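Taking it in order: structure first as structure tokens, then the write-up.
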Number of protein chains: 2
Amino acid sequence: MVVWLTAGNVYNTQRGALVRVTITQVAAHAGVSVASASRALNGQAASAKTVAKVQHAAEELGYVADATAQSLKRGRTNQLAYAVADIGNPVYIEMMTAIERVVSASGYRLVMSSTGTSSSSVDVVRDLGRGYVDGMILSPLRVTDELLAVLAKAPVPVVVLGRLPDDASLDTVPADSFTAMRLVVEHLVAEGRGDIAFVNGPSDTTPGAFRRDGFAAAVVAHPAISARSVDADDFTITAGYAAARRALHDDHRPDAIVAANDLIGIGAIRAAEDLGLAVPGDITVTGVDNTELAGVIRPGLTSVDLGAEERGRVAAELLLARIAEPERPAHTVAVAPALVVRGSSHARSPNPAGTPDSEAPDLNNERPAR
Amino acid sequence: MVVWLTAGNVYNTQRGALVRVTITQVAAHAGVSVASASRALNGQAASAKTVAKVQHAAEELGYVADATAQSLKRGRTNQLAYAVADIGNPVYIEMMTAIERVVSASGYRLVMSSTGTSSSSVDVVRDLGRGYVDGMILSPLRVTDELLAVLAKAPVPVVVLGRLPDDASLDTVPADSFTAMRLVVEHLVAEGRGDIAFVNGPSDTTPGAFRRDGFAAAVVAHPAISARSVDADDFTITAGYAAARRALHDDHRPDAIVAANDLIGIGAIRAAEDLGLAVPGDITVTGVDNTELAGVIRPGLTSVDLGAEERGRVAAELLLARIAEPERPAHTVAVAPALVVRGSSHARSPNPAGTPDSEAPDLNNERPAR
DNA sequence: ATGAAAGCGCTAACAC
DNA sequence: GTGTTAGCGCTTTCAT
């Protein structure tokens, strides 16, 4: 027994399973062969009359081509993936939005898989072999040898949104952490700060390692600076708060906290305030990523924009280009960081009384010129 | 010419296309039939010797089963989708995280598609007919007749994370906006506020409509309250800021702003501050969703928790249950809202001098008991 | 321009 | 327990 539910594209068998209208039924309904139906539906050579008949039949039956069967036959899925470890960080959402805009304009569906929760980056890349996507953009938190090995023989193109060892010949859109940290340190020096606590994320992550090294390199250029470093457990507000408390618990207190990202920076502002320190009166705090949050909290968080949106867009374009031309040489595209000064630091040297500057709201979240 | 690249699972044809190792090659390598190979790989009846041979061959060749072919044959993709209109709102990320946890435990991959940017909810649901997922969870912003029609004949199960008309017999996990607004209004009354501006999101959205109506119903219960309402252009900080400026620009100023969600509420706090109003000294501000942001800004935003995480979890469970048993009756699961009081309002009546209460940081973002 | 038929990679009857 | 075979729904030669 078969019960038709609607004029739509499904009916119900006695087993309760939903069954779909196939191209065979469309062809029969139109009185043509399946080959003609397929051609008519895909805009291939077919007489106007055939096209009309087939389209009418498809319309009437509510036919929708099965993506799985098309994928199997065509050898591609029209689906791309963006895999990210830490979806709680708004900077990755920003990247995803930029990526989605580019790939959907090219007819691809974007699949977002959050590694971290259920599986590691390695698992995600390995899963690529299952062929459920035609390509992937990956923002890995940790680049292990195992990941590099899996990446090297990935069966579909992968673009890495982040930094890789130089000898990995893959398309990458790295963050320029060295320039970023240099901009921050120079800003602090101009402001008159000289005793800096660097609150990093985990040092064994790629961003953690490069921001630490970038900070160290920047500090070396200014012999007057004294600096220390602590690691937060991860790149979150909560972990940043805890790590900043540790950094501020010593007998002597720094006059600046440089956070490895905005979330840690926000946690650091809260920690300083809870210790009775005025920001930026007693202590300056800076972040990295220039997320919308940086402009929303008070005081606004001075932050380095690493170009998340542009990097996302570029990564998507690199992926599409590689899919179109698999043998093209690997590209690495750099995006210049830019410092955005807000109320958590002073533009020049600190006010004598520690009074915060008056501050216009930063709600439009504009990106600075570079 | 065929060039083997590695001992891995791909080799390169002269066309540059990547070709995959198939089960046929594994079977040949192991000296068994493809059927035996398939059985061995899938844990079906097979002798220990066969299993060993096949697994060894698969390992050696780097075989990974093709998801597309499996899907076509099995009639399911093992992929579920979460479609959301506004990925910039952290409450949806929170839901997604909860959903992902549940579905990945059941062996499904979660695909996140952000409607809004490239396509509408209707398009996304219609695309379901292409069979690229086995089911979907949808958080629609606007429930049109067209959407309901498409939903009614969706070829795969759909669970709606949001409110639907009562006669739509679908699995839903609505937000209880009426209770939410009642909790807020009662809190304001206890606080001694009586002149309320309601800053809604767009009224033509489902949450907008229900929060507006819920607010109206709550106000009616308190004749002493006078209330007005403005719509923000969307549920964002920026739009909330602009709308709150309008609400506060009148000749007479309210003593409370009730925002339809946290983002609008944060914008409202900024708007009040820019107008020289102390929060909560001169004016109370409240939000809805109890996102992490509410605990991060200063003053902390008093907010109603609509149970995003629990609702996401429940929606995922409903979807899995329906996939397992397609003919089961439609369920609607309600989650009780709970008010979380923070510094943007007073626990009781306002301090005479408008001095903000001292406030512990709300960084662990705990959910209140209900 | 159209139809018959092969086959993408896999699983599941079915026969042995 | 294992091999042979059919076929999921579609696109694409290859003849006609």
Side-chain angles (χ1 to χ4, degrees), chain A residues 9-10 13 15 17-55 57-58 61-78 129-132 134 155-156, chain B residues 9-10 13 15 17-55 57-58 61-78 129-132 134 155-156:
Chain A
N9 65 339
V10 293
T13 67
R15 293 185 11 259
L18 293 168
V19 179
R20 319 185 52 240
V21 173
T22 69
I23 198 173
T24 308
Q25 299 171 41
V26 173
H29 201 78
V32 300
S33 70
V34 290
S36 291
S38 174
R39 281 185 292 251
L41 258 11
N42 292 313
Q44 313 242 21
S47 71
K49 199 171 65 179
T50 300
V51 171
K53 280 192 295 185
V54 171
Q55 283 185 341
L61 265 37
Y63 172 74
V64 182
D66 183 81
T68 301
Q70 277 186 326
S71 297
L72 179 60
K73 184 64 197 176
R74 291 180 172 156
R76 62 196 160 76
T77 61
N78 267 27
R130 307 209 37 145
Y132 71 101
D134 301 336
V156 296
Chain B
N9 63 339
V10 292
T13 67
R15 292 184 14 258
L18 293 167
V19 179
R20 320 183 52 236
V21 173
T22 70
I23 198 172
T24 308
Q25 299 170 42
V26 173
H29 201 79
V32 300
S33 71
V34 290
S36 290
S38 174
R39 281 186 292 250
L41 257 11
N42 292 314
Q44 314 240 22
S47 70
K49 199 171 65 179
T50 301
V51 171
K53 280 191 297 186
V54 171
Q55 283 184 341
L61 265 36
Y63 171 75
V64 182
D66 183 82
T68 301
Q70 278 185 326
S71 297
L72 180 60
K73 182 64 197 176
R74 299 210 248 234
R76 62 196 161 76
T77 61
N78 267 26
R130 307 209 37 145
Y132 71 101
D134 301 337
V156 296

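A quick note: this is a predicted structure, and the numbers were derived from the prediction, not measured.
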Practice prompt. May I ask you to say what B:Thr50 touches in the nucleic acid, namely base, sugar-phosphate or nothing, with a heavy-atom cut-off under 4.0 Å?
Written response: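 Touches sugar-phosphate only.
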
Using whole Å, report how far [atom1] of [X] lies from [atom2] of [N].
X       : N      : atom1 : atom2 : answer
A:Leu61 : D:dG9  : CG    : P     : 14 Å
A:Lys53 : C:dT2  : NZ    : C1'   : 10 Å
B:Leu72 : C:dA12 : CG    : P     : 12 Å

Can you list everything that forms a side-chain hydrogen bond (donor to acceptor under 3.5 Å, both in side chains) with B:Thr68? Sequence neighbours excluded, please.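 side-chain hydrogen bond (donor to acceptor under 3.5 Å, both in side chains) check on B:Thr68 returns nothing, list empty.
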
Contacts of type side-chain hydrogen bond (donor to acceptor under 3.5 Å, both in side chains), residue A:Ser71, not counting sequence neighbours: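 Checked A:Ser71 against side-chain hydrogen bond (donor to acceptor under 3.5 Å, both in side chains); zero matches.
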
Could you work out, with salt bridge (charged side-chain N to carboxylate O under 4.0 Å, His left out) as the rule, every residue matching B:Asp66, not counting sequence neighbours?
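Testing B:Asp66 for salt bridge (charged side-chain N to carboxylate O under 4.0 Å, His left out), a comparison that skips the adjacent residues, returns B:Arg20.
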
Just list the side-chain donor-acceptor pairs under 3.5 Å for residues 43-55 of chain A, sequence neighbours left out, or say none.
from    : atom 1 : to      : atom 2 : distance (Å)
A:Ser47 : OG     : A:Thr50 : N      : 3.1
A:Ser47 : OG     : A:Thr50 : OG1    : 2.8

Which heavy-atom pair separates [X] from [Y] by the least distance, and what is that distance?
X        : Y       : result
A:Arg130 : B:Val64 : CG-CG1, 3.6 Å
B:Tyr63  : B:Val21 : CD1-O, 3.4 Å
A:Leu72  : B:Ala69 : CD1-CB, 3.8 Å

Once base and sugar-phosphate atoms are separated, protein heavy atoms under 4.0 Å mark nucleotides 10-16 of chain D, 5' to 3', with B, S and - as BBBB---

- Side-chain N or O of B:Ser47 closer than 4.0 Å to phosphate OP1/OP2 of D:dT2: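 For B:Ser47, the contact criterion (side-chain N or O under 4.0 Å from OP1 or OP2 of D:dT2) is met.
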
**Net bend of the helix from C:dA1-D:dT16 to C:dC16-D:dG1, end axes of five pairs each, nearest 10 degrees** =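 The end axes of the helix from C:dA1-D:dT16 to C:dC16-D:dG1 are about 40° apart, to the nearest 10°.
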
To the nearest 0.5 Å, what is the distance between CG (A:Leu61) and CD1 (A:Ile23)?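 So the gap between those two atoms works out to 12.0 Å.
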
